[in-house]
Each structure stands twice: as structure tokens, then as C-alpha cells.
Amino acid sequence: MTLRLVLGLLMTLAVLALAARRVRWLSRLIRSGQPTSGRTENLGERIWVHLAEVFGQQRLLKWSLPGIAHFFTFWGFVILASVYLEAYGALFDADFHIPLIGQWAVLGFLQDFFAVAVLVSIIAFAVMRVRQAPQRLERQSRFYGSHLGGAWLILFMIFNVIWTLLLFRGSSINVGHFPYENGAFASELAAQALEPLGENANEVLESVGLLLHIGVMLAFLLIVLHSKHLHIGLAPVNVTTKRMPDGLGPLLPMESKGKPLDFEEADPDTDTFGRGKIEDFTWKGMLDFATCTECGRCQSQCPAWNTGKPLSPKLVIMDLRDHLFAKAPYLLGEREVPGNGGPGSGTVETARTNGHGAVPESGFPRVPGSGPEQAQRPLVGTAEQGGVIDPDVLWSCTTCGACVEQCPVDIEHVDHIVDMRRYQVLIESEFPTELGGLFKNLENKGNPWGQNSRDRLQWTEGLDFEVPAFGAGSGELAADVEYLFWVGCAGAFEDRARRTTRAVAELLHLAGVKYVVLGPEETCTGDPARRAGNEFLFQMLAQQNVEVLNAFFEGREPAQRKIVVTCPHCFNTLGREYPQLGGEYEVVHHTQLLNRLVRDQKLVPVSPVAQDVTYHDPCYLGRHNKVYSPPRELVSASGAQLREMPRHADRALCCGAGGARMWMEERIGKRVNHERVDEAVATEAAKIATGCPFCRVMITDGLTDRQSEGAAPESMEVADVAQLLLTAVKRPAP
């Protein structure tokens, strides 16, 4: 007894000292990040999210089999903590039991049930990893680029926890020290297997099993603190400090020193403009990096990755994490920062091989080690420059949010990518050449196409009813006007999108909805500029629009400042980003309003479409704003039969236009819109419906390409949901 007590306590004290040192180092590193605001507000809601996502494993259970296995593993460790309490008690008293509940058969049963469940779960995890082995599947494996050895080591350590538990408990039963008379079925089976060895052998095995069980846990603790499995301790913190109410939707405004950046007073020499160095990230960003589990769910859903591009959201976070840890001695003052020329100053010697396990898409290993080259390398740069993140990786992102939606630990990949773009655009002036034209058109003409503002009402020509326009000098807004119809740039200038605009206008007219449009007074909301990293241009456009809209709605309460839009990007920007600039409006997407009008029988379908239709979810309507049902209900209301694509709703594949990709050439891999069209064609539907003008353009272009190749039927069409409804509402000519 004395020997095992001394050994147990010595092991524990030694490991706790090492663990405390590591925890302190990690805490200092994460707290070295820039301050940020809004991460502790709405405490009640955050507690609820914590309970749902940590203890309820809500996000993990989106993937049924891995989710269930992780659920039992997580709860296994929660329940089996009571076994460790018993183990430490047994160091002092062989007959120890937990006060009050320590002899309940129910507790003994739960301990053994979860021990077995954990064992089954790690077998399931092992099978998943073998089936998903990147050595065989390469990029198709979600574990491609992950640290595989560390994952297998953790599974081995969990296995060690279980067998040492059974050894300790089984031998305890045989020597009469076990606190439970019944219920602990697995321990009793272990006892039966050990009983033939005799009482003396079981006494030795009890002490050996006890020390091994404690020793495995202590070794496990050190491994976790030095590996990707930091998420065991950090994930609950990361989940609780996530963006609320959701990590998607609005982008965060640029901040410096924890406060919103004022471009009129900002100084690039003293203020932080995006993320140009690893130390420019906030503490929440650094917490994100350290929390990554390398599970690859984000990678498996990414449209860029799935079409052969070098962007993997997982590898981006891993590269940033590895660079953060490698540069930590300089960030924490343990070493002097070489040179003073800023990011990328000095000569950087790059490695011949790069990537995690020679994965070429990973940029961090281009400069190995923690030497001065690590401190001098640029955050974004080519292989020759030793960049942590390659420009082709950075600019492949469509900001679709599939990575954020699927991440089980609430990492905010899109925010970090856009923040790096902001630095590249605003400070380095390094961005794809096509974006130069976009920025120029937005700044000079107020729209991406460079069209004249006076042409914003051309879409009304030929309509058999008048579209009321509200412009300068129109006086006060009439009291009976319920909605401002925000047409958007695509809806005003792009021929295919104009058809959607005309259909919505006609439906509102048929339903008797009072609305007006701004016409030439309307300007781009700034969404493409912001997603491309040009926050200054976004602020300029947004402030101009907020002034126009506030003047338009003057005298109305925010709840009565109603705007209907056909573009999900305008929907997201007006409704969820303009409040950052003092613009409070009640914004609805046209599918939401039309669906309401159908339910209220103000629009009554009389001529069913009677065709099979597949619906493509726009990212900024679906994932970013959680609008999934209204468009589908409209498809059904039109009389069409909905055929879902395999990837739909929160797992829908992007069309490829988001993140300002609409205005960039797609030179690497398969075109994203081709991938999506191939999926739509496979449903054998007659029409592809959507609710976004940019999706419509991309899907139409992709369909045209496939039709020219003979890979899609010539009769297949792309239409907005509003067009389907208009066809169903209008009586056919006699």
C-alpha cells in the first residue's frame, strides 16, 4: 500500500508540474493575440450553446456514425472520471468508495457500460481511418494532410485506459476491494478471467493495474497538451466564445487594439489592417488554431478542395497553428525578433519538401523549425517566398461557409481568410488582377459591371404595369408603401437576373403589395468588395447606402423599414452587416415574402408547373442565413416535384461565385459550377431552380457548357423560384 501510494503521488505530482508549465505557456501564447470584442456577451445564450454543443455533441452528431462514436467517447471520459476518483482513493484506502453514490449498482453499471462503449467507439474510429486512409484515397480522404501518427497514438492511449481499467477493477473484485456488489458487468467478466491466477497474483495485479491506470491517464494528459488533441480542453472554451448568434452571415468589422477601425484616423504603422503576421490575429483566432482537431470535415465539404484547388480549410488552420507554435519563442519574448523590416524581411531559406507528410497544398513546412527564418517569413506568399499561406490558397475561397457550418469545434475559417485578404489588398496591394477592374467599377460606377446608374430601371421596360420609383425630389415616402424593393446590381444589369427581377415585381403587383424601387439612387451594397478584402471600399459604399436608406425611411421605426431583395448577398449585407454602420432594417428575401403571400392566398397557383425541379441552395441564403424551407415550399406550391441533389440544404455545394470569385478567373482544377451542374443533371430534373442571381449566372453558364459537350439535355433550364411561381399563378392564355 505504501509503495503504490508513493509511486502514484510521485507520478502525479511530476506530471502535474509539467502539465501546469505547458498550460501556462499555451495560455500566454493565446493571450498574446490581439484583443477583440463581443466574445463574452449574451452569457445565457452562450451557456446554452455550451451545453448543446459540448455535452449534447450537437454539431458532431450531424455526421451520424462518427458523431455517435464521439458522443460515447466524450461521455465515457465524463463518466470514467469517477473511476479515476476511485483509483486515487484506492491509493490511500483499498476499500475506498465515493461518498453517497460510490456503492450504487447503477454507477458501477454506467462505468462499465461506457468503458465498453468507448472500446467499441475507438474500434469504429480505427475502421474509419483505415477506410479513409489518405495513402489510398489521397485528396478524397478527409484525413489527407492530417497528422496520422498522433491520431493512432491517441486511439492506442484510449485503449490503454480501458484495458488497465478492467485489469484494476477485475483484480479488485477478486481481492474483495470492489465497491459494487453487482452491475459492473464488464469488470465481473474481467474478474472471472483473472480468478484462476489466485489471490496473491490478484493482489499484485490490483496494485499494478491501479498504477498503470493512473500512469496511462497522466501520460495521456501530456500527449494531449502537446498534440492536436488540445481540443479536449480548448474546444469547450472555443465553443463558448464563438460568434453569436452564428459564425456565418455578417463578416466582423476590421478591428485594431480591440476597437473598430476608423479609416479616417487609422495609421497603417500603428494600427492592424487585417492579418499580415501571425501576431496580428486575435486571441480568438489563436484559440481557433490551437483547437483544430484535424478531422477534415471542413475539407470534405469545401467546394474549392472538391474541385482540385489547393485550398483546404483544415490545412489553412493547421498551417497557421504550426506557424504560431513555431514562432512562439519570438512572440513570447523568449528570443529576440531578427531584423525590423516587417513581414517577410530578410532572407528566407525554404525547404525542398513541404506539406504535412509531403502534402504539397500545405505551406507551413516550406520553412521548417523555429529559427529566425520562421519569424521573418511572410504570412501569405508563394513557395519561393516561403509563405505560410499560398496566394492560390487564399484566393480560391468562395466564402460559402461550408467549413464553418461543419466544424465541430466552431472554428471561424472564413473570418481568418478574409482578414488575410484585407491585409493583402489594403497594405500589400497584392490581389488577382481581375479584382482591379471590380474595385474600379465599384468605386466609379457603384456596380461591378461598370454600368451607368441611369440604366438601373431598364429592367422595367416592357412591363404592362408601372413600377413606382422613389428618387431624389420624390418627397416623403407614402404611408401605404410597405416595402422598398432593393433590385441589386445583378437584378438591374445582368440579363438573366433581370428576368427574376421582373417576375418578382409582377408577383408583388398581382398580390397588391405596395412597394417602390430606388432606381438610380441605388448603389452596390459592397458585398464583393468586402469579401475580396477591400474593407475601405465596402465602408465607402455601405455608408453611402445607409445615408440614402435612412433618408428614405425617415420617420419610420426600424421594424417598419422593410426591404425585399432577390439577391442573398444583398440580403445578408443589408440585414446583417449594415447594422454595424447604423443601418437597421427589416430585410426579407423574395422567397420568404412570396411564400408568405402564397400562404395568405394573395397569390394563388392555378396552373401547376408539373415538372421535376431540383433546387440549388444559395450559400448566402442557406448556410449564412438559415433560409432553407421557403424556396422549397414555393417549388411545391408551383406544382413542381422537388428532386433534391445529394448535397443540399446545409451541405449544399457552392456555385462558385461567392467571395468575389464571380469576377475572378478559375484557372485551377475543375470549375465549381461544372461540379454543381453535374450533380443537378444527375437528378434528371427538367429545371434547376435557385434563389440568387449569381447562382443563376454560374449554374446557367455551367449548364450551357455541359449542353455543348452533350453531357446535359438541351431541354434542361435554369430558373429562379419566382419564375416558377409566376408561371403557376398566371392563367394560361385560352
Side-chain angles (χ1 to χ4, degrees), residues 20 23-24 26-62 67 70-71 74-75 77-79 81 224 230-261 272 275 280-293 298 317 321 401 403-416 418-419 558-559 572 575-587 623-627 650:
V23 168
R24 181 175 177 273
L26 289 169
S27 175
R28 286 177 58 216
L29 180 60
I30 291 171
R31 287 188 291 110
S32 73
Q34 299 295 316
T36 186
S37 58
R39 295 295 181 169
T40 56
E41 299 169 354
N42 305 314
L43 187 58
E45 188 176 358
R46 291 184 183 280
I47 291 172
W48 175 251
V49 167
H50 181 94
L51 293 173
E53 294 193 16
V54 177
F55 291 97
Q57 301 280 282
Q58 185 182 69
R59 292 175 74 90
L60 280 153
L61 288 170
K62 287 183 177 181
H70 197 281
F71 177 89
F74 169 81
W75 275 103
F77 275 86
V78 171
I79 299 299
V224 164
L230 271 173
H231 76 272
I232 293 173
L234 296 184
V237 182
N238 207 49
V239 166
T240 308
T241 56
K242 64 184 268 189
R243 279 222 269 143
M244 300 291 280
D246 194 277
L248 293 170
L251 280 175
L252 295 175
M254 285 178 64
E255 289 187 340
S256 180
K257 302 177 179 67
K259 297 179 180 179
L261 192 68
T272 303
R275 313 288 179 240
D280 290 340
F281 284 93
T282 66
W283 63 262
K284 177 57 173 67
M286 294 182 179
L287 182 62
D288 272 357
F289 308 154
T291 305
C292 180
T293 70
C298 58
I317 299 300
R321 177 197 64 201
C403 49
V404 181
E405 181 71 28
Q406 293 299 326
C407 180
V409 292
D410 289 306
I411 292 171
E412 295 158 5
H413 315 70
V414 173
D415 287 355
H416 304 317
V418 172
D419 276 336
N572 182 69
R576 301 192 66 186
E577 295 187 339
Y578 277 18
Q580 298 169 359
L581 301 169
E584 299 283 349
Y585 316 110
E586 198 70 28
V587 186
R623 272 189 295 270
H624 282 266
N625 286 282
K626 305 296 182 276
V627 179
D650 63 343

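Just so you know, these numbers come straight off a predicted model, no measurement behind them.
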- Report the distance from atom CE of M286 to atom CG of L234, rounding to the nearest 0.5 Å. 14.0 Å
- Query: Checking S27 side chain against V23 main chain: does a donor-acceptor pair fall under 3.5 Å?
  - Reply: no
- Is there side-chain contact between L29 and S32, with heavy atoms separated by less than 4.5 Å? yes
- Please step through side chain to side chain contact (heavy atoms under 4.5 Å, CB included) for the pair E405 and K626, ending with a clear verdict. CA-CA 11 Å; E405 181 71 28; K626 305 296 182 276; 3.2 Å; yes
- Could you tell me whether the side chain of T36 reaches within less than 4.5 Å of the side chain of W283, counting heavy atoms only? yes
- Message: Applying the side chain to side chain contact (heavy atoms under 4.5 Å, CB included) criterion to V239, which one of R46, R59, E53 satisfies it?
- Response: E53
- Task: Inspect the contact between R39 and E255 and indicate whether a charged nitrogen and a carboxylate oxygen are less than 4.0 angstrom apart.
- Result: no
- Message: Set out, in order, the CA-CA distance, both residues' side-chain angles and the distance that settles side chain to side chain contact (heavy atoms under 4.5 Å, CB included) for D415 and L251, then state yes or no.
- Response: CA-CA 7 Å; D415 287 355; L251 280 175; 3.6 Å; yes
- For L61 and G56 the tightest heavy-atom approach is CD1-O, 3.6 Å
- Message: More than 12 heavy atoms of other residues, nucleotides or ligands under 6.0 Å from NZ of K257: yes or no?
- Response: yes
- Closest non-hydrogen atom pair between H416 and F289, with its separation: CD2-CE2, 3.9 Å
- Does some side-chain heavy atom of V414 sit less than 4.5 Å from a side-chain heavy atom of C403? yes
- Item | Gap separating the SG atom of C292 from the CG atom of L287, nearest 0.5 angstrom | 12.0 Å
- Measuring from D288:CG to C407:SG, what's the distance to the nearest 0.5 Å? 7.5 Å
- Task: Report the relative orientation of the aromatic rings in F55 and F74; use parallel for angles under 30°, tilted for 30 to 60°, perpendicular for over 60°.
- Result: perpendicular
- Looking only at heavy atoms, what is the nearest atom pair of G401 and L248, with distance? CA-CD2, 3.5 Å
- Query: Is there side-chain contact between R243 and K284, with heavy atoms separated by less than 4.5 Å?
  - Reply: no
- All heavy atoms of I232 vs all of V224, minimum pair found to be CD1-CG2, 3.8 Å
- Task: Work out which heavy atom in N238 is nearest to a heavy atom in V409; give both atom names and the distance.
- Result: ND2-O, 2.9 Å
- Query: What are the two closest heavy atoms between E584 and P579, and how far apart are they?
  - Reply: OE2-CB, 3.6 Å
- Tell me, with the steps shown, if R275 and T282 meet side chain to side chain contact (heavy atoms under 4.5 Å, CB included). CA-CA 9 Å; R275 313 288 179 240; T282 66; 3.6 Å; yes
- Can you find a pair of side-chain heavy atoms, one from R623 and one from Q406, that are under 4.5 Å apart? no
- Query: To the nearest 0.5 Å, how far apart are CG in D410 and OG1 in T291?
  - Reply: 10.0 Å
